[in-house]
Amino acid sequence: MSESNAIANGLAGAGGGIIAQIITYPLQAVNTRQQTERTLLKKNKQGLLPQSSSNGIATASSSGVFLQIFQVIGNEGWGGLYSGLKPSLLGTAASQGIYYFFYQIFKNKAVAIAAARKVKGHGDGTVGMSGWLIVAAIAGSLNVLFTNPIWVLVTRMQTHMQAERKIMDEKKEALRKAASESNLSGSTLEDKLADLNSSKPRPFGTVHAANEVYNEAGIVGFWKGVIPALIMVCNPSIQFMIYESSLKHLREKRSAKKQGDTTITALEVFLVGAIAKLGATVATYPLQVVKSRLQAKQEIGGNNSLRYSGTFDAIFKMIRYEGFRGFYKGMSTKIVQSVFAASVLFMIKEELVKAIMVLANKRKKVVLKYE
């Protein structure tokens with residue numbers, strides 16, 4: 001029975017994750033661009049002030065997320081909001097399926113251990129917060145190691161146009177510099193700049209992204225950002241600790257008030273999921289920013305001082321050149337996207353688990369009837 005529960009949770013997690021991902025993907029795409037955009041600090045008489053780099057898209061500090069969405073549509077069309085959607089859906093299905101499958105397996109083991117401890121006179125037979133934290137951490141670590149290559153490709157596809165604009169700006173700047181150092185006529189310079197402006201970006205799909213990553217760093221490149229991603233395992237750990245503890249509290253209150261009725265409604269699951277994800281997102285967001293920057297094409301950074309060779313290099317350079325506020329770029333967008341996606345995910349997952357288990361029980365009854 002425990003194995004069938006694990007399979008049901010794995011399938012339901014994958015299905016719920018895909019639906020939540022499709023609904024909130026434009027917010028996720030814009031948020032990744034916000035995270036990877038560098039904002040340098042400059043010194044003046046008042047101290048350090050942010051200085052946004054120019055990339056053709058307003059940064060999170062200067063405009064709202066909906067304005068940014070409209071800017072992406074205007075510059076790149078609707079497709080710009082869904083760059084990387086296909087591998088993202090694959091990654092979401094794989095991540096949710098792997099995570100919930102292992103989570104349910106280790107959850108069942110934790111419950112069995114707690115029950116065995118109660119028989120021996122230790123504890124009340126329930127799994128404590130530390131137990132849920134360990135269960136979620138193990139499942140999360142396995143998920144990260146299996147799926148990191150997919151998320152590297154997604155990040156590359158989401159930020160491809162951002163990197164192309166940066167490369168284009170550098171080419172224009174090089175032309176202007178060359179023109180100022182030579183006798184290049186103004187009309188010739190304008191012609192060359194017009195040629196650059198008229199050039200269309202090359203197609204960039206999943207295969208292109210994979211080739212780009214491999215050519216840059218080989219197989220190891222597909223695990224860029226894996227260190228902050230593994231540290232970020234505490235995100236779902238915190239999320240599920242809050243989630244499971246809150247549901248347990250709700251069931252205990254309901255049981256006391258309604259003589260044993262512990263049914264949790266879809267709306268309650270939605271709200272509990274939102275609160276759980278909000279707490280986890282605020283706690284781990286800086287690591288998300290570091291991971292995105294490591295996985296994106298380094299040309300986005302412009303000069304070498306804003307390109308990163310690894311996790312600690314990224315952290316030190318962000319503190320030095322951008323200050324601590326750089327670790328929270330696009331956080332408001334992420335909170336909206338993550339909380340809404342998690343709420344939808346939890347609600348759909350719980351309903352799908354019920355449906356799958358009902359179908360499984362009906363099938364079992366039919367088999368038993370004809371035996």
Side-chain angles (χ1 to χ4, degrees), residues 2-22 24-25 28 32 84-110 132-158 205-207 209-214 216-241 243 277 280-281 284 287-288 290-296 310-311 338 341-342 345-346 348-349 352-353 356:
S2 61
E3 186 176 347
S4 63
N5 281 340
I7 294 173
N9 274 268
L11 292 174
I18 288 174
I19 295 172
Q21 182 80 341
I22 292 173
T24 64
Y25 193 80
Q28 181 185 330
T32 303
L85 178 61
K86 291 180 181 179
S88 180
L89 290 178
L90 173 62
T92 298
S95 293
Q96 298 297 336
I98 291 171
Y99 185 86
Y100 280 114
F101 178 76
F102 285 111
Y103 179 81
Q104 190 65 39
I105 287 177
F106 290 111
K107 176 183 176 181
N108 292 337
K109 291 185 181 294
W132 294 129
L133 193 65
I134 293 171
V135 167
I138 295 172
S141 297
L142 290 170
N143 171 42
V144 166
L145 293 174
F146 278 118
T147 63
N148 196 77
I150 299 175
W151 298 116
V152 171
L153 298 182
V154 172
T155 301
R156 285 299 177 102
M157 295 175 72
Q158 288 177 336
T206 307
V207 175
N211 286 333
E212 183 179 86
V213 173
Y214 182 80
E216 286 180 10
I219 293 296
V220 178
F222 292 97
W223 274 269
K224 282 188 175 184
V226 74
I227 293 177
L230 283 172
I231 299 173
M232 280 177 62
V233 161
C234 61
N235 182 298
S237 299
I238 295 170
Q239 175 184 341
F240 275 87
M241 180 179 66
Y243 178 71
K277 190 61 180 180
T281 298
T284 61
L287 290 168
Q288 176 71 46
V290 173
K291 180 176 77 74
S292 294
R293 292 193 178 197
L294 289 172
Q295 293 178 344
T311 302
S338 295
L345 166 61
F346 280 123
I348 293 175
K349 173 191 169 281
L352 287 177
V353 167
I356 292 172

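Just so you know, these numbers use all the heavy atoms, side chains as well, and skip hydrogens, waters and symmetry mates. This chain uses plain numbering: 1 for the first residue, then up along the sequence.
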Measure across [X] and [Y] and return the closest heavy-atom pair with its distance rounded to 0.1 Å.
X    : Y    : result
V233 : G140 : CG2-C, 3.6 Å
P87  : V154 : C-CG2, 3.8 Å
T24  : A341 : OG1-CB, 3.8 Å
P228 : L294 : CG-CD1, 4.2 Å
W223 : L145 : NE1-O, 3.3 Å
F146 : I98  : CB-CD1, 3.8 Å

Original post:
Going by the angle between their ring planes, with limits at 30° and 60°, are Y103 and Y99 parallel, tilted or perpendicular?
Top reply: parallel
When rounded to the nearest 0.5 angstrom, what distance separates [atom1] in [X] from [atom2] in [Y]?
X    : Y    : atom1 : atom2 : result
N143 : F101 : CG    : CZ    : 13.5 Å
L153 : N211 : CG    : CG    : 10.0 Å
R156 : E212 : CZ    : CD    : 4.5 Å

**OP:** Mind checking side-chain hydrogen bond (donor to acceptor under 3.5 Å, both in side chains) for T311 and listing every partner two or more places apart, or none if nothing turns up?
**Re:** none
Original post:
With sequence neighbours excluded, what pairs up with Q28 under the side-chain hydrogen bond (donor to acceptor under 3.5 Å, both in side chains) test?
Top reply: Q21
Original post:
Should Y25 and Q158 be marked as a side chain to side chain contact (heavy atoms under 4.5 Å, CB included) after you check the CA-CA gap, both sets of side-chain angles, and the distance that decides it?
Top reply: CA-CA 10 Å; Y25 193 80; Q158 288 177 336; 3.1 Å; yes
**OP:** With the side chain counted from C-beta on, respond yes when V144 and W151 share a heavy-atom pair under 4.5 Å apart, and no when they do not.
**Re:** no
**OP:** Check the pair Q295 / N148 against side chain to side chain contact (heavy atoms under 4.5 Å, CB included), numbers first and verdict last.
**Re:** CA-CA 10 Å; Q295 293 178 344; N148 196 77; 3.6 Å; yes
